[in-house]
Amino acid sequence: MTDIIHQYIDGSWTDAADGNVAELINPATGEVTGAVEQGRQSDVDRAVAAARRAFSSFSRISPAERAALLGAIAAEYQRRGEEMALAVTTDMGMPLANSRMAVGAAVLQFSSLAGLLADYPFEETAGSHLVRREPIGVCGLIPPWNYPAMQMAEKVAPALAAGCTVVLKPAELASHAGELFAEIMDAAGTPKGVFNMVLGRGSLIGTALSTHPDVDMIAFTGSTKVGVQVQQDAAPTIKRVSLELGGKSAHIVLPDADLQAAAEVAVAGVMSNSGQTCAAPTRTLVPRELKDEFTRLVRQAVAALTIGDPRGEVNLGPVASEAQWNTVQRYIALGIKEGAQLIIGGPGKPDQADAGWFARPTVFADVTNDMHIAREEIFGPVMSLLWYDSIDDAVEIANDSPYGLAAYVQGSDPGLVRDVASRLRAGQVIVNSAYPDLMAPFGGYKQSGNGRIWGNAAALDEYLETKAIVGGIAARETADQATPRPAAAL
Ligand code: NAP
Ligand code: MG
């Protein structure tokens with residue numbers, strides 16, 4: 001890691017237009033770990049121009065050549081995987097074991113899309129016309145900091161697979177991970193201008209990308225509040241905007257579920273990465289008659305969690321920043337004030353780890369769905385337990401949310417599980433597990449977004465435009481199936 005992190009534009013490391021930097025802080029220790037340049041509009045302009053120049057050639061290379069590039073990136077990412085895991089852990093405090101898993105997920109994005117390119121139908125004839133799926137153009141990619149190793153990959157990999165060129169703006173809290181990501185892209189032989197990285201304040205660099213007339217698409221992952229801003233900023237230039245936003249995912253424990261397993265899933269899902277997971281099952285819905293037993297099991301599982309230096313073998317590191325810690329404290333206080341029952345955890349820092357921004361894994365019971373802690377995304381290690389009286393009641397509570405990112409169902413009757421899953425208004429429903437499936441499409445209903453990531457073809461589709469070629473050669477080849485065209489009317 002270098003002391004000051006610079007911009008990567010048009011195939012070279014370059015200084016930002018002015019010399020301002022922001023300090024980077026390890027949230028586990030409070031130590032300064034380096035500094036990141038604060039890019040400006042002119043840096044974005046340079047990066048977009050480089051991406052535009054590169055697009056004219058990169059968009060026309062064959063899928064096989066793009067697959068070879070993705071394969072080279074996957075190999076280089078794998079080779080530097082341990083460095084990336086450490087960078088993430090230093091940047092935002094994720095326990096190293098989780099950082100390593102996220103690196104594996106990132107490598108999978110590149111390698112699985114490389115595989116898909118072998119037989120993806122970029123061109124198909126349909127009746128008398130040809131349908132081509134073409135890269136949309138220059139893409140501004142804006143990921144958050146909570147799983148940065150994976151979130152940069154899950155945007156860059158499908159964009160390049162489609163033949164797009166990109167300008168990435170990593171989250172400031174993931175700046176070392178961003179720097180290493182650019183080094184990987186460079187070492188893998190990514191052609192000049194295809195991948196560019198501009199660093200700086202989200203509001204400035206993000207807005208410069210969202211409003212830029214020469215950017216064709218923005219892929220954004222982050223809070224719903226900023227997502228709304230991005231959509232508004234992108235509207236005057238009619239960009240495609242793919243949004244992956246916040247969540248308040250429901251977890252329905254059915255009456256026939258294995259309660260011990262369900263409690264473990266609930267705790268793992270909410271508490272891993274200190275609750276900073278967009279898809280975390282933060283609202284656990286339990287049959288009222290099972291509430292005492294389930295609460296006991298959850299308390300037991302939370303009491304067993306270890307907290308501390310995220311480079312060690314712990315379940316929880318710190319939250320990512322002082323601001324994030326303050327947000328978590330505000331919601332814990334709000335839960336107490338609103339009359340939820342504090343089962344374990346609570347305000348302040350845990351005894352065993354009081355340096356750094358550590359929060360206590362906290363569980364509230366007797367939560368009702370109108371409380372702030374049930375409606376708003378906390379993005380910290382705070383679980384809400386709610387009681388339900390019938391399956392219909394559970395589905396209604398689950399769907400009564402402005403969000404619809406993920407949902408979870410625990411149960412042993414496959415028919416009932418599938419029925420409940422199909423009634424939930426969420427983009428990925430996870431059955432008897434705490435973890436999403438990266439090979440399945442993932443994204444939000446309602447205010448959780450409008451895009452899809454992962455799922456190979458689902459992710460690729462986000463970055464493609466559809467073109468129909470009618471008449472001419474396409475029509476001649478299929479003349480016998482030609483349909484009459486009302487040319488005179490057009
Ligand atoms: P955030 O504050 O919304 O920031 C997200 C990204 O946008 C960062 O790179 C940020 O840069 C940048 N940004 C800030 N202001 C901007 C603006 N005006 N225009 C364009 N970009 C701007 O979110 P966060 O705190 O980083 O991440 C947590 C949120 O992400 C949570 O709500 C979580 O649910 C959501 N999330 C969703 C998914 C999903 O797949 N749906 C996955 C993970 C996280 P700086 O940080 O450098 O300021
Ligand atoms: Mg932020």
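In listed order, ligands and their atoms are each counted from 1.
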Enquirer: Within ligand 1, which atoms have a heavy atom of Cys278 less than 4.0 Å away?
Expert: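 Listed by number with element, the hits are 33 (C), 34 (O), 36 (N), 37 (C), 38 (C), 39 (C), 40 (O), 42 (C), 43 (C), 44 (C).
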Enquirer: Who's closest to atom 44 (C) of ligand 1 heavy-atom-wise, of Thr211, Leu209, Asn146, Val230?
Expert: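 Checking each option, the heavy atom nearest atom 44 (C) of ligand 1 is found in Asn146.
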Enquirer: Does any N or O atom in Lys169 lie less than 3.5 angstrom from one in ligand 1, N or O only?
Expert: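 Yes - when backbone and side-chain N and O of Lys169 are compared with those of ligand 1, one distance drops under 3.5 Å.
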Enquirer: Run down the list Thr221, Thr224, Val226 and name the one with the heavy atom closest to atom 16 (C) of ligand 1.
Expert: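 Of the listed residues, Val226 has the closest heavy atom.
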Enquirer: For atom 19 (N) of ligand 1, which candidate among Ala234, Gly443, Gly206 provides the closest heavy atom?
Expert: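 It is Gly206 that holds the nearest heavy atom.
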Enquirer: Consider ligand 1: state whether an atom of it lies below 4.0 angstrom from any non-hydrogen atom of Tyr147.
Expert: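 No, that is not the case, since the closest heavy atom of the residue is not under 4.0 Å from the ligand.
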Enquirer: Please determine whether any non-hydrogen atom of Arg201 lies less than 4.0 Å from an atom of ligand 1.
Expert: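 No, Arg201 has no heavy atom closer than 4.0 Å to ligand 1.
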Enquirer: I want to know if ligand 1 touches Gln229 in the polar sense, i.e. an N/O pair below 3.5 angstrom.
Expert: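 It does not: no N or O of Gln229 is found under 3.5 Å from an N or O of ligand 1.
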Enquirer: Tell me whether ligand 1 is touched by Leu173 - counting only heavy atoms on the residue side and a distance under 4.0 Å.
Expert: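 It does not; every heavy atom stays at 4.0 Å or beyond.
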Enquirer: Does ligand 1 have an atom under 4.0 Å from some heavy atom of Gln276?
Expert: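 In this structure, Gln276 fails to qualify as a contact of ligand 1 - no heavy atom is under 4.0 Å.
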Enquirer: Fit a plane to each ring of Phe110 and Phe181, take the angle between them on a 0 to 90° scale, and name the class: parallel (under 30°), tilted (30 to 60°) or perpendicular (over 60°).
Expert: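 The arrangement is tilted - the two ring planes meet at 30° to 60°.
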Enquirer: Does ligand 1 have any atom sitting under 4.0 Å from a heavy atom of Gly444?
Expert: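 So Gly444 does not count as touching ligand 1.
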Enquirer: Indicate the atoms forming the closest heavy-atom contact of Pro27 with Ala320, along with that distance.
Expert: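 Smallest interatomic distance, heavy atoms only, reads CB-O, 3.3 Å.
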Enquirer: On a heavy-atom basis, which atom in Thr221 and which in Lys155 lie closest, and how many Å separate them?
Expert: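 Of all heavy-atom pairs spanning Thr221 and Lys155, the closest is OG1-NZ, 2.6 Å.
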Enquirer: Give a yes/no verdict on whether any heavy atom in Pro143 is under 4.0 Å from an atom of ligand 1.
Expert: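 Pro143: in contact with ligand 1 (<4.0 Å).
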Enquirer: Given Ser210, Gly178, Gly222, which one has a non-hydrogen atom that is nearest to atom 30 (O) of ligand 1?
Expert: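 Considering heavy atoms of Ser210, Gly178, Gly222, the nearest to atom 30 (O) of ligand 1 sits in Gly222.
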Enquirer: A quick test of your reading: do over 12 heavy atoms of other residues, nucleotides or ligands sit less than 6.0 Å from CD of Gln447?
Expert: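 Count not over threshold, so no.
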Enquirer: Pick, from Ala279, Ala323, Gly202, the option with the minimum heavy-atom distance to atom 14 (C) of ligand 1.
Expert: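 Looking at heavy atoms only, the winner is Gly202.
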